[in-house]
Amino acid sequence: MKIPLLRCILALMLLPFLWTAAGAQAVGFPELGSALPGHNDATYLDLARMVIPDLAGDKDSFYKGGLPIDMRHIEGPDSGGSPPETSGFSNAAVLAIKSGGKDRLTMLFDLGDSPDSAEGYAVLALYDITGKPKLLDAVNVAVDRGTYFREPGKLSVSANDDVLITMSAHFNSSQNYVITPLIMVRDDKLELIDMIYTFDENLCSYSRKQNVAFQTIADGQPYAAIKVTVTDATVLNGESCDDTPPVAASQDISVTYHWDTKASHYAKDSGALDKLAGENAKRF
């Protein structure tokens with residue numbers, strides 16, 4: 001099975017969004033057959049087989065398998081499609097995190113297209129590898145076609161806890177659609193905080209891009225507030241076209257998520273990003 005060409009093109013287009021810096025905090029792509037940190041008798045392939053039990057590699061280190069284990073969608077029971085009957089990949093994204101003061105490992109497997117949904121199927125798996133490796137949770141996090149960790153991959157919301165950032169996207173000749181879930185880990189379970197919808201266009205006389213930035217702010221709660229800012233910028237390219245170009249402009253749209261101790265979840269302070277998503281939908 002070959003990786004579909006469109007997925008390769010999408011990955012190249014999304015490189016500016018992805019976490020590629022070196023260092024302990026970075027998302028890694030280890031060889032699946034390599035040993036886990038601190039283990040001589042367990043590999044990343046062993047972890048992957050906890051999700052896809054019959055996963056096996058060929059002579060070129062390309063791994064193929066059948067159906068994954070049953071799992072929920074991160075949005076809830078009414079979201080997501082079925083997994084592909086077969087899938088294949090050469091590696092998976094790996095990111096170490098903190099949860100409740102404990103060291104945890106996450107792996108993200110993009111399994112390809114769903115047979116009954118326009119979305120793909122991507123597994124975010126949570127492991128404990130401090131002793132004998134154990135799968136703690138696994139969810140389908142695909143909300144569009146290709147799914148990845150998005151830079152910076154995670155946010156530290158306390159000395160003991162990180163929030164994960166993934167993204168799903170698809171594109172056509174002039175448009176790029178990106179959905180960015182924020183995912184919390186509590187009691188060794190993956191929980192959705194919210195999703196940010198952005199939309200880029202490259203047209204004859206201008207481009208309009210929506211870049212997302214993340215910031216944590218200590219506010220006296222057990223978990224820090226998370227400020228999400230979308231910079232919506234229209235840039236003219238000087239081309240002469242039939243349509244009148246818009247005015248060059250840039251604006252920042254921000255929402256801050258505060259921990260609600262009574263409700264035991266994050267709550268956003270405005271609907272500004274929901275409004276932006278609605279305006280974007282009118283441009284599709």
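Just the heavy atoms: all of them, side chains too, but no hydrogens, waters or symmetry mates, feed the values below.
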Is there a donor-acceptor pair closer than 3.5 Å between any side-chain N or O of Asp128 and the backbone N or O of Lys134? no

Ignoring hydrogens, what is the shortest heavy-atom contact between Ala169 and Asp144? Give both atom names and the distance. N-CB, 3.6 Å

What distance separates Leu124 CG from Met71 CE, expressed to the nearest 0.5 Å? 10.0 Å

Where do Tyr44 and Pro37 come nearest, in terms of heavy atoms and distance? OH-CD, 3.3 Å

Check: Asp60 side chain, Phe62 main-chain N or O, donor-acceptor pair, under 3.5 Å: no

Worked verdict on Asp78 versus His73 for side-chain contact (heavy atoms from CB on, under 4.5 Å): CA-CA 8 Å; Asp78 296 328; His73 193 277; over 6 Å; no

Apart from Leu67 itself, what residues make up its hydrophobic cluster, given side-chain heavy atom links below 4.5 Å? none

Determine whether Met107 and Leu32 make a side-chain contact, defined as any pair of heavy atoms from C-beta on separated by less than 4.5 Å. yes

So do the side chains of Met195 and Glu75 get within less than 4.5 Å of each other, counting heavy atoms only? yes

Is the number of heavy atoms from other residues, nucleotides or ligands under 6.0 Å of Asp243 CG greater than 12? no

Closest approach of Tyr121 to Gly81 (non-hydrogen atoms, all atoms of both residues): CE1-O, 3.4 Å

Assign the ring pair Phe89 / Phe109 to parallel, tilted or perpendicular, where the plane angle (0 to 90°) is split at 30° and 60°. tilted

In terms of heavy-atom contacts, Cys241 and Ser205 come closest through SG-N, 3.5 Å

Nearest heavy-atom approach of Asp162 to Ser156 is OD1-CA, 3.3 Å

Should we say atom CG of Asp54 is surrounded by more than 12 heavy atoms from elsewhere, each under 6.0 Å from it? yes

Pair Arg104 + Asp188: basic N to acidic O under 4.0 Å: yes

Check whether Ile69 and Leu105 end up in the same hydrophobic cluster, where Ile, Leu, Val, Met, Phe, Trp and Tyr are linked by side-chain heavy atoms less than 4.5 Å apart. yes

Looking only at atom types and distance, does a side-chain atom of Thr43 sit under 3.5 Å from a main-chain N or O of Asp46, one as donor and one as acceptor? yes

With no hydrogens and no angle check, do the side chains of Thr231 and Asp252 hold a donor and an acceptor under 3.5 Å apart? yes

Step-by-step side-chain contact (heavy atoms from CB on, under 4.5 Å) determination, Ile97 to Leu126: CA-CA 10 Å; Ile97 64 166; Leu126 177 69; 4.1 Å; yes

Once rounded to the nearest 0.5 Å, what's the spacing between atom CG of Asn140 and atom CD1 of Ile74? 9.5 Å

Distance col, row Tyr63:OH vs Leu45:CG, nearest 0.5 angstrom, shows 5.5 Å

Going through the checks in order, is the side-chain hydrogen bond (donor to acceptor under 3.5 Å, both in side chains) test met by Tyr257 and Asp194? CA-CA 9 Å; Tyr257 299 82; Asp194 201 8; 2.6 Å; yes

Side chains of Val157 and Trp259 in contact at under 4.5 Å (non-hydrogen atoms): no

Counting distance only, does the side-chain N/O of Asp161 pair as donor-acceptor with the main-chain N or O of Ser99 below 3.5 Å? no

Is it true that Asp113 and Arg145 make a salt bridge, defined as a side-chain N closer than 4.0 Å to a carboxylate O? no

Decide, yes or no, whether a salt bridge links Lys227 with Asp269 under the criterion of side-chain N to carboxylate O below 4.0 Å. no

Do Leu182 and Ile165 pass the side-chain contact (heavy atoms from CB on, under 4.5 Å) test, and can you show the C-alpha distance, the side-chain angles, and the key distance before you say yes or no? CA-CA 5 Å; Leu182 294 175; Ile165 309 171; 3.8 Å; yes

Would you say the side chain of Leu95 lies within less than 4.5 Å of the side chain of Leu108, judging by non-hydrogen atoms? no

Return yes if some donor-acceptor pair links the side-chain N/O of Asp137 with the main-chain N/O of Leu190 below 3.5 Å, else return no. yes

Could you tell me whether the side chain of Arg150 reaches within less than 4.5 Å of the side chain of Val178, counting heavy atoms only? yes

Quick check: are there more than 12 heavy atoms from other residues, nucleotides or ligands sitting under 6.0 Å from CG of Asp116? yes

Going from CD on Glu201 to OG1 on Thr234, what distance comes out if it is rounded to the nearest 0.5 angstrom? 9.0 Å

Looking only at side-chain N and O atoms, does Gln210 offer a donor or acceptor that is under 3.5 Å from a partner on Asn280? yes

pair Arg186-Ser264: side-chain heavy atoms closer than 4.5 Å: yes

Tell me whether the count of non-hydrogen atoms from other residues, nucleotides or ligands lying under 6.0 Å of CD in Glu31 goes above 12. no

Report yes if some heavy atom in the side chain of Ile193 is under 4.5 Å from a heavy atom in the side chain of His265; otherwise report no. no

Between His39 and Ile129 (side chain of the first, backbone of the second, donor and acceptor by atom type, cut-off under 3.5 Å), is there such a pair? yes

If only side-chain N and O atoms count, and only distance matters, is there a donor-acceptor pair under 3.5 Å linking Thr130 with Asp103? no

Is there side-chain contact between Val212 and Met167, with heavy atoms separated by less than 4.5 Å? no

Atom CG in Leu203, atom CD in Glu239: separation rounded to 0.5 Å? 12.5 Å

Nearest heavy-atom contact between Ala272 and Ile253 is CB-CG2, 3.7 Å

Within the side chain of Lys98, is there an N or O that forms a donor-acceptor pair under 3.5 Å with the backbone of Ser158? no

For Asp219, what residues pass the side chain to side chain donor-acceptor pair (under 3.5 Å) criterion, not counting sequence neighbours? His258

Establish, from distance only, whether the side-chain atoms of Ser82 and Ser114 form a donor-acceptor pair under 3.5 Å. no

With sequence neighbours left out, which residue pairs that include part of residues 198-218 fulfil the ring pair (Phe, Tyr, Trp, His ring centres under 6.0 Å) condition? Tyr177-Phe199, Phe199-Phe284

So Leu164 and Phe149, side-chain contact (heavy atoms from CB on, under 4.5 Å) or not? Walk me through it. CA-CA 8 Å; Leu164 292 161; Phe149 282 114; 4.0 Å; yes

So how far is it from Tyr148 OH to Ser168 OG, rounded to the nearest 0.5 Å? 9.0 Å

